[in-house]
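Labels below follow one simple rule: chain letters A, B, ... track the order of the sequence lines, proteins then strands, and each chain is numbered from 1.
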There are 2 protein chains.
Amino acid sequence: MNEPIIRPLLGDCREVLRTLDDESIDLIVTSPPYADQRKNTYGGIHPDDYVAWFLPIAAELQRVLKPTGTFILNIKERVVKGERHTYVLELILAMRRQGWLWTEEFIWHKKNSYPGKWPNRFRDAWERLLQFNKQRQFHMYQEAVMVPMGDWARKRLKNLSDTDKIRDESRAGSGFGKRVANWVGREKVYPTNVLHMATETRNRNHSAAFPEALPAWFIKLFTQEGDWVLDPFMGSGTTLRAAYRLRRNAIGIDIMETYYEQVKASLKDLQTPQLSLFEAQEAYEPPRPE
Amino acid sequence: MNEPIIRPLLGDCREVLRTLDDESIDLIVTSPPYADQRKNTYGGIHPDDYVAWFLPIAAELQRVLKPTGTFILNIKERVVKGERHTYVLELILAMRRQGWLWTEEFIWHKKNSYPGKWPNRFRDAWERLLQFNKQRQFHMYQEAVMVPMGDWARKRLKNLSDTDKIRDESRAGSGFGKRVANWVGREKVYPTNVLHMATETRNRNHSAAFPEALPAWFIKLFTQEGDWVLDPFMGSGTTLRAAYRLRRNAIGIDIMETYYEQVKASLKDLQTPQLSLFEAQEAYEPPRPE
DNA sequence: GTTCCGCATGAATCGATAG
DNA sequence: ACTATCGATTCATGCGGAA
């Protein structure tokens with residue numbers, strides 16, 4: 001099989017998206033700048049303007065997505081004047097009027113959430129992963145994300161080796177973790193719509209601590225090798241790296257040149273594997289023979 | 001301190017609520033019948049009619065709640081024609097127009113979600129716990145729900161005994177579980193807005209999907225001893241039992257006489273403790289000297 | 001007293017069948 | 001065509017009986 005095509009693009013996604021072909025993308029996974037966050041990109045959208053800002057982009061995404069494709073939107077409303085703002089709810093309603101189907105809402109449980117203390121709320125440890133589709137029938141490869149489970153938890157309490165412990169850490173509902181490869185041959189079950197994953201604290205370059213295992217999970221679930229993945233808010237390129245490792249083609253767009261250059265550099269590193277990258281790679285799939 | 005007053009009431013909450021005094025309740029915790037569910041109660045509300053059905057009730061709840069009080073609403077939208085229905089989103093927007101503040105959304109991660117397999121979705125393992133308030137300043141006693149953690153969570157990885165394993169199972173982010181008593185004296189941290197709890201599938205006397213630890217957690221967080229708790233959809237009385245064990249006064253309303261009689265009977269059991277009840281009590285607080 | 005194993009039980013969802 | 005009912009699918013949990 002050929003090397004996947006990974007194509008980072010520089011520019012405002014509202015314009016760059018227009019250059020993409022109709023119905024050419026199998027999966028869109030993205031984490032757009034949250035309202036009033038990342039003011040250096042897209043000018044820090046005010047919560048009250050968020051829906052109006054995002055809808056034209058959603059329309060373009062609808063155009064480039066294949067009928068059988070899926071759009072995964074990672075988002076969370078921020079607190080404004082002591083309340084959760086409603087722009088995410090309104091966005092869902094507006095996108096449905098635009099023609100999207102709101103198929104599902106996954107929960108990303110951030111096991112290591114941002115620390116802090118407030119008098120009237122606890123730490124926010126979850127984000128929404130909204131699944132939108134163009135039609136009821138879409139491609140989904142559930143077997144690709146199955147996790148070992150069953151009554152395993154009870155039976156194995158006695159002899160608990162180190163590897164088993166690590167298995168348990170990563171088990172927790174969705175099967176992320178470092179030793180997935182060790183589970184081959186065990187009894188597997190399907191995951192749920194709650195994903196347990198830690199944020200990546202290592203990457204301090206990128207403001208959004210989007211762990212690579214997150215796009216990787218959806219890429220495995222909704223695409224096959226050779227399919228096309230799109231991230232219109234590429235950032236540091238997490239989605240693109242996940243796509244490359246899983247042998248999917250990918251397009252990423254970002255408005256900031258620093259991100260664009262950074263992603264290009266990291267992709268070169270990927271094609272010349274180094275130790276640090278090799279460690280990260282283990283998290284998803286064992287190295288494949290070429 | 002006196003025995004708490006626990007008052008189950010029989011009738012349609014749309015009428016019974018009118019008999020309660022203005023601003024007399026410190027906390028409302030309830031899990032209303034979901035759309036198209038529980039057809040024996042309130043006739044199984046159609047998803048499209050859900051907001052219109054609930055809004056008048058929400059108005060009465062707003063009237064009886066103290067200005068510093070909190071309303072916790074447990075709800076989850078069902079799938080209709082392959083999509084998540086939007087009535088919960090619309091309900092939040094409508095309640096805000098009614099004057100409620102949408103302060104927070106907690107996630108209840110149901111560790112034992114309903115099984116099943118479908119071509120285009122996974123099992124649903126979470127529900128919403130919507131927090132509404134009348135004003136930005138409300139009573140919140142965060143220390144009452146602190147969870148033992150600290151670096152103990154890391155040490156546990158090395159020497160993992162069976163008991164530690166069980167502790168870990170129940171710890172999982174929010175400190176529910178049966179071994180809370182064992183944690184006395186450990187370093188404590190505040191929980192997050194993600195609650196990990198199993199549904200109570202087979203409770204001997206009462207089959208309640210709503211685990212008692214759930215209302216108990218919010219009762220500890222938002223009330224003090226002697227405060228008043230209200231559950232307008234009492235069901236099998238889970239909220240009332242939790243309130244009694246935590247020495248809060250409580251009012252519960254249900255439209256079905258069988259539930260009403262069942263709750264009255266279970267409350268009598270509570271006041272004459274038996275072994276099984278004593279075990280359950282341990283989950284929340286150690287027995288108190290009278 | 002423990003631990004272990006078998007079993008019933010869910011705020012589910014889809015697709016097919018029937019009115 | 002649109003709604004109502006039914007069977008098939010699936011798994012974490014806790015109980016009870018057994019070793």
Could you tell me the separation between the NZ atom of A:Lys188 and the C1' atom of D:dT9, rounded to a whole number of Å? 20 Å
Nearest whole Å is fine: how far is D:dT10 P from A:Asn193 CG? 17 Å
Atom-to-atom span, NZ of B:Lys111 to C1' of D:dT10 - whole angstrom: 19 Å
Can you list everything that forms a side chain to side chain donor-acceptor pair (under 3.5 Å) with B:Lys264? Sequence neighbours excluded, please. none
Quick one: are the ring centres of A:Phe218 and A:Phe106 less than 6.0 Å apart? yes
Which salt bridge (charged side-chain N to carboxylate O under 4.0 Å, His left out) pairs, counting each pair once, include a residue from residues 48-62 of chain B, with sequence neighbours left out? B:Glu60-B:Arg63
How long is the line joining CE of A:Met140 and C1' of C:dC14, in whole Å? 13 Å
Partners passing side chain to side chain donor-acceptor pair (under 3.5 Å) against B:Arg123 (at least two apart in sequence or in another chain): B:Ser113
Which residues share a side chain to side chain donor-acceptor pair (under 3.5 Å) with B:Asp26, sequence neighbours left out: B:Lys66
Whole-Å distance between D:dA12 P and B:Glu200 CD? 18 Å
Could I get the full list of side-chain contact (heavy atoms from CB on, under 4.5 Å) partners for B:Gln98, not counting sequence neighbours? B:Leu55, B:Ala58, B:Ala59, B:Gln62, B:Met95, B:Trp100
By the rule that syn is within 90° of 0, classify the base conformation of C:dA11 as syn or anti. syn
For the aromatic rings, using the six-membered ring if either is Trp, is the centroid distance between B:His85 and B:His46 under 6.0 Å? no
Going by side chain to side chain donor-acceptor pair (under 3.5 Å), name the residues that satisfy it together with A:Asp124, two or more places apart in sequence or in a different chain. A:Lys76, A:Arg84, B:Asn193
Give a yes/no on whether any side-chain N or O of B:Arg84 is located under 4.0 angstrom from OP1 or OP2 of C:dT13. yes
Please give me every residue in residues 113-129 of chain B whose heavy atoms get under 4.0 Å of an atom in DNA chain D, ordered by residue number. B:Pro115, B:Gly116, B:Lys117, B:Arg123
With sequence neighbours excluded, residues passing ring-ring contact (aromatic ring centres under 6.0 Å, His included) with B:Trp53: B:Tyr42, B:Tyr50, B:Phe233
Which dot-bracket notation, 5' to 3', represents the base pairing of DNA chain D when pairs are defined as Watson-Crick or G-U with both distances under 3.5 Å, crossing pairs as [ ], and inter-strand pairs as |? .||||||||.|||||||||
Atom pair distance, as rounded to whole Å: OH in B:Tyr34 and P in C:dT13: 11 Å
Let me know the distance between CD1 of B:Ile45 and P of C:dA11, rounded to the nearest Å. 17 Å
Give the nucleotide from the list D:dC11, C:dT13, D:dT13 with an atom nearest to the side chain of B:Val79. C:dT13
Could you give the CZ-to-P distance, from B:Phe54 to C:dA11, as a whole number of Å? 19 Å
Mapping B:Glu83 and B:Ser31 to their closest nucleotides on DNA chain C, which lands nearer the 5' end? B:Ser31
